[in-house]
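A single structure is presented below for examination.
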Amino acid sequence: MLGAQSPFPSSRQSLLLSNAKAAAAERWISILAPSTLSTNYRLIYPLTAPSVGQMLWVTSVSGNDDSLDWVDAVTGSGTATQIAYWATGSTLTSSSNLYWDNTNTRLGIGTSSPSQKIDLMNGTLYLDNNNNSSSSLRFREPSSSGSNYTQFSARAQSANISYVLPNTQGAANSILTNDGSGNLSWGTGGVVLIQKPADESVTNTTTLQDDDDFSFSVSANQTYEIYGILRVSTPSGAGLKVQLTGPTGTSETVNTFANRSGADDINYLFSPTTSYNVCGSSSMNGSGDALIVSGIITTSSTAGTLKLQWTQNVANATSTSLLSASFLKITLVQ
């Protein structure tokens with residue numbers, strides 16, 4: 001009912017809707033424009049009455065005309081710190097598997113205590129696609145350097161592929177190697193060459209010692225080719241005793257050829273737990289004689305270190321030496 005007495009001064013006009021009762025029983029609703037209104041506009045109401053629970057919604061704007069319509073109200077309930085999602089087209093709910101840590105701005109999936117920006121608990125993250133284009137994982141370079149990235153993507157495959165990372169940090173210059181079943185370990189790379197920088201000597205001893213330089217990291221279940229030339233100086237009668245040691249289970253078939261002015265010697269090193277006299281008992285002249293090492297080393301299920309050990313075959317007061325510029329090289333072959 002229009003015409004109810006307005007409680008507002010005439011300077012502020014309003015629309016009053018009365019309850020159609022008289023005197024003290026009369027009550028009304030007032031619709032009043034804001035005092036700071038700077039632009040005129042019209043609200044155009046729907047053609048139909050609302051259903052229970054519906055509310056008004058601006059569906060379109062044309063100039064100063066705002067068209068309204070009835071829409072279903074959003075209902076539902078959730079739990080504090082959980083992320084809301086649509087259970088139906090008009091109902092919100094939440095789940096304990098979706099957690100938002102607003103203090104640290106972290107999202108937890110399957111955990112209410114995310115430790116990083118996104119923390120997925122007891123699940124697998126898929127980067128899927130339905131456009132026949134492989135999904136990618138990208139890592140951006142530092143922001144101060146630019147916007148380039150490093151990307152990992154899958155190729156077309158005939159079967160699933162799984163990789164298991166090593167459980168230790170790799171040594172300097174090591175690379176990842178695969179055992180054929182997806183188990184990755186740290187290896188030495190395709191080719192590793194070591195050249196002796198200075199002479200090394202032993203005197204009056206038959207106790208094997210680790211060479212100061214010839215030490216190689218080797219992976220489990222791998223086969224390596226070994227090759228090298230050792231410049232050797234030995235006194236007459238002392239000879240040279242050598243041994244190649246490796247991780248538990250390592251096997252070897254290595255040939256040594258002592259090329260010297262007196263008489264050549266050929267020897268075979270079949271066991272990494274046995275020492276061998278490789279140049280007989282006569283002397284080797286370091287300036288012209290050399291020991292050539294060539295063969296195959298195969299590791300078992302244990303990774304570790306391949307070492308050259310050596311000493312005098314017969315103790316002698318004159319030193320036996322491996323001289324600078326000697327070298328050994330190992331090559332990963334399978």
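Side chains included, hydrogens not; waters and symmetry mates left out as well; all remaining heavy atoms used.
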How long is the span from the CZ atom in F216 to the CG atom in L328, to the nearest 0.5 Å?
-> 5.0 Å
Considering residues at least two apart in sequence or located in another chain, which fulfil the salt bridge (Lys or Arg N to Asp or Glu O under 4.0 Å) criterion with D65?
->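 Only R42 meet the salt bridge (Lys or Arg N to Asp or Glu O under 4.0 Å) criterion with D65.
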Would you say Q222 and T177 make side-chain contact, with heavy atoms under 4.5 Å?
->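 Yes. Closest side-chain heavy atoms under 4.5 Å.
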Test side-chain hydrogen bond (donor to acceptor under 3.5 Å, both in side chains) on T311 and Q209 and set out the steps.
-> CA-CA 7 Å; T311 187; Q209 63 157 18; over 6 Å; no
With distance as the sole test, does T298 use its side chain to make a donor-acceptor pair with the main-chain N or O of S251 at under 3.5 Å?
->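 Here the side-chain-to-backbone pair does not exist.
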Tightest non-hydrogen contact, residues S94 and T79, listed as OG-N, 3.0 Å
Can you name the side chain to side chain contact (heavy atoms under 4.5 Å, CB included) partners of Y41, sequence neighbours left out?
->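 Y41 satisfies side chain to side chain contact (heavy atoms under 4.5 Å, CB included) with L37, L43, N64, D66 only.
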Are L193 and L291 connected in a single hydrophobic cluster, I mean Ile/Leu/Val/Met/Phe/Trp/Tyr linked by side-chain heavy atoms less than 4.5 Å apart?
-> yes
Output, in order, the C-alpha distance, side-chain angles, deciding distance and verdict of side-chain hydrogen bond (donor to acceptor under 3.5 Å, both in side chains) for S136 and S153.
-> CA-CA 5 Å; S136 303; S153 302; 2.7 Å; yes
Over all atoms of both residues, closest heavy-atom pair of N129 and S135 | CB-OG, 3.6 Å
Counting heavy atoms not belonging to Q116, are there more than 12 under 6.0 Å from its CD?
->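 12 or below, so no.
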Backbone N/O of L323 and side chain of S326: donor-acceptor pair under 3.5 Å = yes
When rounded to the nearest 0.5 angstrom, what distance separates CG in L98 from OG in S112?
-> 12.0 Å
Going hydrophobic residue to hydrophobic residue with side-chain gaps under 4.5 angstrom, can you get from V314 over to L208?
->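 They do not share one cluster, since no chain of ILVMFWY contacts under 4.5 Å joins V314 to L208.
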With sequence neighbours excluded, tell me which residues meet salt bridge (Lys or Arg N to Asp or Glu O under 4.0 Å) with D72.
-> none
Name each donor-acceptor pair under 3.5 Å that joins a side chain in residues 229-244 to protein atoms two or more places apart or in another chain, with its distance.
residue, atom, partner, partner atom, Å
R231, NH1, S324, O, 2.5
R231, NH2, G286, O, 3.4
T234, OG1, M284, N, 2.9
K241, NZ, T206, O, 3.2
Q243, OE1, S275, N, 3.3
Q243, NE2, P272, O, 3.3

Indicate, with yes or no, if V61 and W70 share a hydrophobic cluster defined by side-chain heavy-atom contacts under 4.5 Å among Ile, Leu, Val, Met, Phe, Trp and Tyr.
-> yes
S201 and S321: side-chain hydrogen bond (donor to acceptor under 3.5 Å, both in side chains), yes or no, with the steps?
-> CA-CA 4 Å; S201 300; S321 304; 2.5 Å; yes
Closest contact, heavy atoms only, N316 versus Q312 |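 In terms of heavy atoms, the two residues are closest at N-OE1, 3.0 Å.
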Should D213 and P197 count as side-chain neighbours, where that means a heavy-atom distance under 4.5 Å?
-> yes
Any residue meeting salt bridge (Lys or Arg N to Asp or Glu O under 4.0 Å) with E252, in chain and number order, not counting sequence neighbours |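 In terms of salt bridge (Lys or Arg N to Asp or Glu O under 4.0 Å), with neighbours along the sequence ignored, E252 is linked to no residue.
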Side chain to side chain, F270 and V254, heavy atoms closer than 4.5 Å =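 The answer is no, as the side chains (C-beta and beyond) never meet within the 4.5 Å cut-off.
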Does I330 reach the side chain of L306, with side-chain heavy atoms less than 4.5 Å apart?
-> yes
Would you check if F214 and Q195 make a side-chain contact, meaning some heavy-atom pair closer than 4.5 Å?
-> no
Expected output: side-chain S134 to main-chain R155 donor-acceptor under 3.5 Å |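 Not at all, since once roles are kept as given, no pair shorter than 3.5 Å links the two residues.
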Could you verify whether a donor N or O on one side chain and an acceptor N or O on the other, from S115 and D119, lie under 3.5 Å apart?
-> yes
Give a yes or no on whether Y85 atom OH has more than 12 heavy-atom contacts from other residues, nucleotides or ligands under 6.0 Å away.
->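 Count over threshold, so yes.
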Please name all residues satisfying salt bridge (Lys or Arg N to Asp or Glu O under 4.0 Å) with D211, sequence neighbours left out, ordered by chain then number.
->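 Salt bridge (Lys or Arg N to Asp or Glu O under 4.0 Å) list for D211, sorted by chain: K196.
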For the side chain of E141 and the backbone of N148, is there at least one donor-acceptor N/O pair under 3.5 Å apart?
-> yes
Mind listing the closest non-hydrogen atom pair of P166 and S185 along with its distance?
->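 Minimum heavy-atom separation between P166 and S185: CG-CA, 3.9 Å.
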Mind checking whether W100 and L107 have side chains closer than 4.5 Å, heavy atoms only?
->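 Sidechains of L107 and W100: in contact.
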Is any side-chain heavy atom of L56 less than 4.5 Å from a side-chain heavy atom of P46?
->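 The answer is yes, as the side chains (C-beta and beyond) meet within the 4.5 Å cut-off.
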In the single-linkage hydrophobic clustering (I, L, V, M, F, W, Y; side-chain heavy atoms under 4.5 Å), do L269 and I266 co-cluster?
-> yes
Full working for side-chain contact (heavy atoms from CB on, under 4.5 Å) between I175 and W186 | CA-CA 5 Å; I175 66 169; W186 295 110; 5.7 Å; no
Would you check if Q82 and S96 make a side-chain contact, meaning some heavy-atom pair closer than 4.5 Å?
-> yes
Go through N178 and Y163 one step at a time and tell me if the side-chain contact (heavy atoms from CB on, under 4.5 Å) criterion holds.
-> CA-CA 9 Å; N178 192 344; Y163 295 107; 3.8 Å; yes
Could you check S113 against T111 for side-chain hydrogen bond (donor to acceptor under 3.5 Å, both in side chains), going step by step and ending with a plain yes or no?
-> CA-CA 5 Å; S113 302; T111 175; 4.9 Å; no
d(T245 OG1, K307 NZ) to nearest 0.5 Å is 6.0 Å
Please lay out, stage by stage, how T331 and V192 fare under the test side-chain contact (heavy atoms from CB on, under 4.5 Å).
-> CA-CA 7 Å; T331 302; V192 178; over 6 Å; no
Which heavy atom of T205 sits nearest a heavy atom of T207, and at what distance?
->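 So the two residues come closest at OG1-N, 3.0 Å.
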Pairwise distance CG(L184) to OG(S219) - rounded to 0.5 angstrom =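 Between L184 CG and S219 OG, I get 10.5 Å after rounding to 0.5 Å.
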Answer yes or no: does atom CG of N122 have more than 12 heavy-atom neighbours from other residues, nucleotides or ligands under 6.0 Å?
->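 No.
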Mind checking whether Y227 and F327 have parallel, tilted or perpendicular rings, split at 30° and 60°?
->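 Tilted.
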Donor-acceptor contact below 3.5 Å, side chain Y276 vs main chain S271 = yes
Is there a side-chain contact (heavy atoms from CB on, under 4.5 Å) between F257 and N267 once you walk through the steps?
-> CA-CA 7 Å; F257 174 63; N267 209 324; over 6 Å; no
Which value, rounded to the nearest 0.5 Å, describes the distance between S18 atom OG and E26 atom CD?
->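 The OG atom of S18 sits 3.5 Å away from the CD atom of E26.
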Report yes or no: do I296 and Y268 belong to one cluster of Ile/Leu/Val/Met/Phe/Trp/Tyr joined by side chain heavy-atom distances under 4.5 Å?
->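 Different clusters.
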Answer yes or no: does atom CH2 of W86 have more than 12 heavy-atom neighbours from other residues, nucleotides or ligands under 6.0 Å?
-> yes
Should we count CG of N131 as having more than 12 external heavy atoms under 6.0 Å?
-> yes
Value rounded to 0.5 Å, distance of CZ in R138 from CD in Q151 | 4.5 Å
Evaluate whether atom CD1 of I29 has more than 12 neighbouring non-hydrogen atoms of other residues, nucleotides or ligands under 6.0 angstrom away.
->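 Counting other residues, nucleotides and ligands, CD1 of I29 stays at 12 neighbours or fewer.
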